[in-house]
Amino acid sequence: MKFGIEFVPSDPVLKIATYAKLAEEQGFDNVWITDHYNNRDVYTTLAVLALNTNSIKIGSGVTNSYTRNPAITASSIGAVNEISGGRAILGLGPGDKATFDAMGVEWVKPLATTREAIQALRGFFAGEKVSMDGDVVKFGGAKLAFKTGDVPIYMGAQGPKMLELAGEVADGVLINASHPKDFEVAVEQIKKGAAKIGRDPAEVDVTAYACFSIDKDPAKAVSAAKVVVAFIVAGSPDLVLERHGIPVEAKGQIGEAIAKGDFGALMGGLVTDQMVEAFAICGTPEDCMQRIRDLEAIGVTQVVAGSPIGPNKEKAIKLIGKEIIAKM
Ligand code: F42
């Protein structure tokens, strides 16, 4: 099992660099930085992490090819790969519709766009002159003027077709989920994609990009996870809620409370323990370890500790290092 950690650059970059260094010391393999226009820039953050760490791999988790042309992405992550001594990973997804609406960016054919962007990116990483006339992605002979090295490409994916595509074309897949039931379904889709092209599915690093909250006091861990879980419930397809026995009506109620900023209602009962169980890796180190072992048994090969990580980030990173990574 590999371990990753996610940071959202809503925090200052230098603070994230301190956490990333601590994560490296605690034995984490990867650090992932999210990409949304309203936060600090992902590649600036990755560049600072590159200079402040020595061995941990650093990646975008995840960027998209609507707000950044794939040639620009190749140039940006290529530069990060150069300054980090070959530690860069590119996480790429279809992007977040709400963010695109706010930016006035049209979200067309996310599946085709992701497939074609990856094809172009592989070309740029191989030092080729890229000419493409895809459904969405088009290049008229574009070539980078420096060698990027071969940067692994991970896809951010949840939907069945995106997961299948990841099985075909990606080195890894970052799946926003925490429960074995969701991974049973996801792993089947990834295998289906790999089988299509006669690929060994074991080549794909199946990553649980999870809401994670750890503390020696389980009540504190649950309390820290609740707001993040509320956002997950509000954004989950009905099918996923039903899979976990969560009433679909809860989604509307939680969505309304989020819209009103009524965090008291979320904490006071709208977000149930059942929701936390379904959508977070949460609790004491022993609880988290058990869940990670259950995920491993289903085919998960990397667990990413995503927001909130714990009620206290620094303590949580140390707990994961000492009580989980060192004991796996
Ligand atoms: N999004 C961000 O913007 N920033 C981040 O930092 C970020 C991090 C992140 C980490 C892990 C992760 O799993 C997701 C993350 N995301 C982030 C969200 C990500 O960008 C996606 O929004 C998210 O993964 C949801 O994507 P999805 O896999 O559910 O795919 C969507 C597009 C979907 O509907 N997929 C369908 C499916 O079955 O997989 C396929 C839809 C389809 O077939 N579309 C056709 C096509 O060609 O695209 C066209 C259909 C038509 O009629 O137009």
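Atoms within a ligand are numbered from 1 in the order they appear, just like the ligands themselves.
- When distances from atom 43 (O) of ligand 1 to the protein are checked, a heavy atom turns up under 4.0 Å.
- Ligand-side atoms of ligand 1 in range of Pro110: 32 (C), 46 (C), 48 (O), range being under 4.0 angstrom from any heavy atom.
- Enclosure of atom NZ in Lys220 is not indicated, since only 12 or fewer non-hydrogen atoms of other residues, nucleotides or ligands lie within 6.0 angstrom.
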Dump the intermediate steps for side chain to side chain donor-acceptor pair (under 3.5 Å) on Asp35 and Ser60, then the final yes or no. CA-CA 7 Å; Asp35 181 15; Ser60 52; over 6 Å; no
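- Within a 4.0 Å radius of atom 36 (C) of ligand 1, the protein contributes no heavy atom.
- The existence of a salt bridge linking Asp135 and Arg115 is excluded, since no basic side-chain nitrogen approaches an acidic carboxylate oxygen closer than 4.0 Å.
- The N/O atoms of Val62, backbone and side chain alike, include one that comes under 3.5 Å of an N/O atom in ligand 1.
- For atom 29 (O) of ligand 1, the nearest non-hydrogen atom of the protein is Gly159 N, 3.3 Å.
- In terms of protein heavy-atom proximity, atom 49 (C) of ligand 1 is nearest to Lys109 CA, 4.2 Å.
- A side-chain N or O of Arg87 and one of Thr53 form a donor-acceptor pair less than 3.5 Å apart.
- Looking at His36 next to ligand 1, an N or O pair under 3.5 Å apart turns up.
- Among all non-hydrogen protein atoms, the one lying nearest atom 13 (O) of ligand 1 is Leu174 O, 2.8 Å.
- For Trp107, every heavy-atom contact with ligand 1 shorter than 4.0 Å involves the side chain, none the backbone.
- In this structure, atom 51 (C) of ligand 1 is not in close contact with the protein, since no protein heavy atom lies within 4.0 Å of it.
- Any N or O atom pair closer than 3.5 Å counts here, and Thr34 shares no such pair with ligand 1.
- Inclusion of Leu163 in the set of residues having an N or O under 3.5 Å from an N or O of ligand 1 is not warranted.
- In this structure, Phe124 and Phe139 have perpendicular ring planes: the angle between them is above 60°, well past the 30° mark.
- Taking the charged nitrogens against the carboxylate oxygens, Lys109 and Glu116 have no contact shorter than 4.0 Å, which rules out a salt bridge.
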Could you check His179 against Asp294 for side chain to side chain donor-acceptor pair (under 3.5 Å), going step by step and ending with a plain yes or no? CA-CA 9 Å; His179 199 282; Asp294 294 345; over 6 Å; no
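- Asp205 and Tyr154 form a side-chain donor-acceptor contact under 3.5 Å, judged by distance and modelled atom types alone.
- Contacts with ligand 1 closer than 4.0 Å are made by no heavy atom of Lys97, backbone or side chain.
- In summary, of the residues considered (Val240, Leu241, Ile246), a side-chain contact (heavy atoms from CB on, under 4.5 Å) with Arg243 occurs for Val240 alone.
- A salt bridge does not link Lys181 to Glu184: none of the charged nitrogens lies less than 4.0 Å from a carboxylate oxygen.
- Note that atom 27 (P) of ligand 1 has protein non-hydrogen atoms nearby, at separations under 4.0 angstrom.
- Remark: ligand 1 atoms within the under-4.0 Å shell around heavy atoms of Ala112 are 46 (C), 47 (O), 48 (O).
- Distance from atom 38 (O) of ligand 1 to its nearest protein heavy atom, with residue and atom name: Lys161 N, 3.0 Å.
- Scanning all protein heavy atoms for the shortest distance to atom 39 (O) of ligand 1 gives Met162 N, 2.8 Å.
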Check against side chain to side chain donor-acceptor pair (under 3.5 Å), Ser307 and Glu6: CA-CA 7 Å; Ser307 297; Glu6 174 219 52; 3.3 Å; yes
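- Looking from atom 6 (O) of ligand 1 to the surrounding protein, the closest heavy atom is Asp35 N, 2.9 Å.
- Applying the 4.0 Å criterion to heavy atoms of Gln158 picks out, from ligand 1, the atoms 13 (O), 14 (C), 23 (C), 24 (O), 25 (C), 27 (P), 28 (O), 29 (O).
- Checked against a 3.5 angstrom limit, the closest N/O atoms of Gly93 and ligand 1 fall outside it.
- Tyr66 and Thr113 share a donor-acceptor pair across their side chains, judged by distance under 3.5 Å alone.
- A donor-acceptor pair shorter than 3.5 Å can be found between the side chains of Asn30 and Gln302.
- Judged by distance alone, the side chain of Asp182 and the main-chain N or O of Val185 form no donor-acceptor pair under 3.5 Å.
- There is a protein heavy atom closer than 4.0 angstrom to atom 21 (C) of ligand 1.
- Annotation: atom 14 (C) of ligand 1 to nearest protein heavy atom, Asn176 OD1, 3.5 Å.
- Between Glu188 and Lys192, no side-chain nitrogen of the basic residue sits less than 4.0 Å from a carboxylate oxygen of the acidic one, so the salt-bridge criterion is not met.
- For atom 2 (C) of ligand 1, a protein non-hydrogen atom is found at a distance below 4.0 Å.
- Short contacts between ligand 1 and Gly95, defined as distances under 4.0 Å to a heavy atom of the residue, involve ligand atoms 3 (O), 19 (C), 20 (O), 21 (C), 22 (O).
- The protein non-hydrogen atom at the shortest distance from atom 45 (C) of ligand 1 is Leu111 CB, 4.2 Å.
- Ligand 1 has no N or O atom lying under 3.5 Å from any N or O atom of Asn64, backbone or side chain.
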